[in-house]
Novice: 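Structure incoming, see below.
These numbers come from the heavy atoms of this one structure, side chains and all, not from hydrogens, waters or symmetry mates. Reminder, nothing fancy here: chain letters follow the sequence lines and each chain counts from 1.
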There are 2 protein chains.
Amino acid sequence: MARVRIRLQAKLDVKLTAKAALDPGQIVQAALNLLDEVGLDGLTMRRLAEKLDIKAASLYWHVRDKDELIVLLADEICAAMQAPDPAMPWREQLQQFAEEYRRVLLSHRDAARVLAQSGPPSGESRLNLVEILLDVVLKAGFSPKDAAYAGFLMNDYVTTFVIEETRYVAPPKRQQPPDEATESWMDALPADKYPNIVALAPHWLNVNLDEQFHFGCEVIADGLERRLNR
Amino acid sequence: MARVRIRLQAKLDVKLTAKAALDPGQIVQAALNLLDEVGLDGLTMRRLAEKLDIKAASLYWHVRDKDELIVLLADEICAAMQAPDPAMPWREQLQQFAEEYRRVLLSHRDAARVLAQSGPPSGESRLNLVEILLDVVLKAGFSPKDAAYAGFLMNDYVTTFVIEETRYVAPPKRQQPPDEATESWMDALPADKYPNIVALAPHWLNVNLDEQFHFGCEVIADGLERRLNR
DNA sequence: ACCTGAACACCGTTCAAGT
DNA sequence: ACCTGAACACCGTTCAAGT
């Protein structure tokens, strides 16, 4: 009798208080939240487990590696990507793609670094993103090989740009005014040894990121167009 | 008497067997060797110390951080950089710069990643590298702002390209033939969902890296030239 | 001036064991 | 099927102490 009661009690415990088994979606969602809170360098298996009310070791039942987690994360980030209007001319589609891609990468902390770290595209959303990009360049009329090269070029341009532009947001320590620090560092440069750097320092500091991003897009699009007209 | 003898003995020990105090050059040189042996992920303060016959804690007398070490390393890598022939037309100088830069980055394991990780240029050699690049674009006739943007673009293109092209050399585990693995992975892709990726898969796999690198250089140079002629 | 011992506060990952 | 305890083999960094 006592035995039966104990068994029942255990079952009730399971139904009432035990957390339902995690599905993969919850894990990547928690990882994404954690990423936004602490950044890629703070994203830790142990911290993620804590966030899921679980022990770190348990994560390894759901996920092979931290690497695999990063891949999942990268895919989740890319899910927000929207295709450009296929009715537009290819140059504008490419431009639109680049802007949308940048927007997506800026929408989560360190997203661009996550993509860069997670190897070649493999998840559904990331493959879809690449598919969209290739669609634009193929329909523009590039040969398969040139389309592949152009796709790489454009993909790398956007991710690298965003990595650079977000590198110094939320510097880990000593929140000293960044432009002042950079300025004094620039002033210390010997102008006779690095005349060009010193001359261009103003553009180094007070950058208009949107403008700079657009510059690169335009240069690449112009270069691609030239190649097409041959 | 006994006391004097002991003192003398100690002095002899110092002269004969004690290692001379390290200079910074030895440290970065050892770090560079270690980098070539084990790659950036294996480059550890503890391992570096071991290589210098020292305890890890001692490194912090010579160097503030691991970050500072990485910066030193990046500068040492860039020391090999040679300027392009200033008599040539700017497009060829730019091309030459890019090829030389790539060569430098390929000459040490994970060199491109070291540069990417070590923040904005600060060391002498790295500043010199940037100075050379800016010289090319400024003399080509770009406005200061465009020259700054063009310099960023070119610098990021080369480093990112080399990071990508070296990402899968010396994969850490399971030395399974890479192209075979990639192929089977590609075959598993649903061709109706990702028709472009599947169609371009051959160019994804059997890449001619030199050709691909040249493609990007040409596209960027063409785009820059177009901007110049306005 | 330069180096060490010993510790601190972490990591990713494995694996036998629990339920 | 899913989770935990406990450990393993590491990290970067600090700091009092040695010489």
Novice: Figure out the CG/C1' separation between B/Leu69 and D/dT13, and round it to whole Å.
Specialist: 14 Å

Novice: With rounding to the closest Å, how many angstrom separate the C1' atoms on C/dC11 and D/dC8?
Specialist: 12 Å

Novice: Of the nucleotides C/dC3, C/dG12, D/dC3, which one has an atom closest to the side chain of A/Tyr60?
Specialist: C/dG12

Novice: Quickly work out the B/Gln26 CD to C/dC3 P distance and round it to whole Å.
Specialist: 10 Å

Novice: Nearest heavy-atom pair of B/Leu129 and B/Asn155: which atoms, and what distance?
Specialist: CD2-OD1, 4.2 Å

Novice: Closer to the 5' end of DNA chain D via nearest nucleotide, is it A/Lys55 or B/Arg64?
Specialist: A/Lys55

Novice: Taking the P atom of each, how far is D/dC10 from C/dA9, in whole Å?
Specialist: 22 Å

Novice: What integer distance in Å separates A/Trp61:CH2 from C/dG18:P?
Specialist: 20 Å

Novice: Is the phosphate of D/dC10, meaning OP1 or OP2, less than 4.0 Å from a side-chain N or O of B/Thr44?
Specialist: no

Novice: Check the pair A/Arg126, A/Ser118 against side chain to side chain donor-acceptor pair (under 3.5 Å), reporting the backbone distance first and the verdict last.
Specialist: CA-CA 11 Å; A/Arg126 254 195 109 179; A/Ser118 63; 2.9 Å; yes

Novice: With a 3.5 angstrom cut-off on both distances, give the Watson-Crick or G-U wobble partner of D/dT14, or none if there isn't one.
Specialist: C/dA6

Novice: When all nucleic acid strands are considered with a 4.0 Å heavy-atom cut-off, which category describes B/Ser58: base, sugar-phosphate, or nothing?
Specialist: base

Novice: Between B/Ala57 and A/Gly42, which has a closest nucleotide on DNA chain C that is more 5'?
Specialist: B/Ala57

Novice: Given atom CG of B/Leu43 and atom P of D/dC10, what is their separation to the nearest angstrom?
Specialist: 16 Å

Novice: Scan every strand shown for a Watson-Crick or G-U wobble partner of C/dA1, both distances under 3.5 Å, and answer none if you come up empty.
Specialist: D/dT19

Novice: Round to a whole Å and report the spacing from CD1 of B/Ile27 to P of C/dC2.
Specialist: 10 Å

Novice: To the closest 0.5 Å, what do you measure between NE2 (A/His108) and CG (A/Leu106)?
Specialist: 11.5 Å

Novice: State yes or no: are the ring centers of A/Phe161 and A/Tyr101 separated by less than 6.0 Å?
Specialist: no

Novice: Measure from NZ on A/Lys66 to P on C/dG12 and round the result to the nearest Å.
Specialist: 4 Å

Novice: Over how many whole Å does the gap from B/Asp53 atom CG to C/dT4 atom C1' extend?
Specialist: 14 Å

Novice: In whole angstroms, how far is the P atom of C/dG12 from the CD atom of A/Glu68?
Specialist: 15 Å

Novice: Does the side chain of A/His62 get closer than 4.0 angstrom to OP1 or OP2 of D/dA1 through an N or O atom?
Specialist: no

Novice: Could you check, using the six-membered ring where one of them is a Trp, whether A/Phe213 and A/Tyr157 have ring centers closer than 6.0 angstrom?
Specialist: yes

Novice: Assign each of A/Arg46 and B/Leu59 to its nearest nucleotide of DNA chain C by heavy atoms, then name whichever residue's nucleotide is nearer the 5' end.
Specialist: B/Leu59

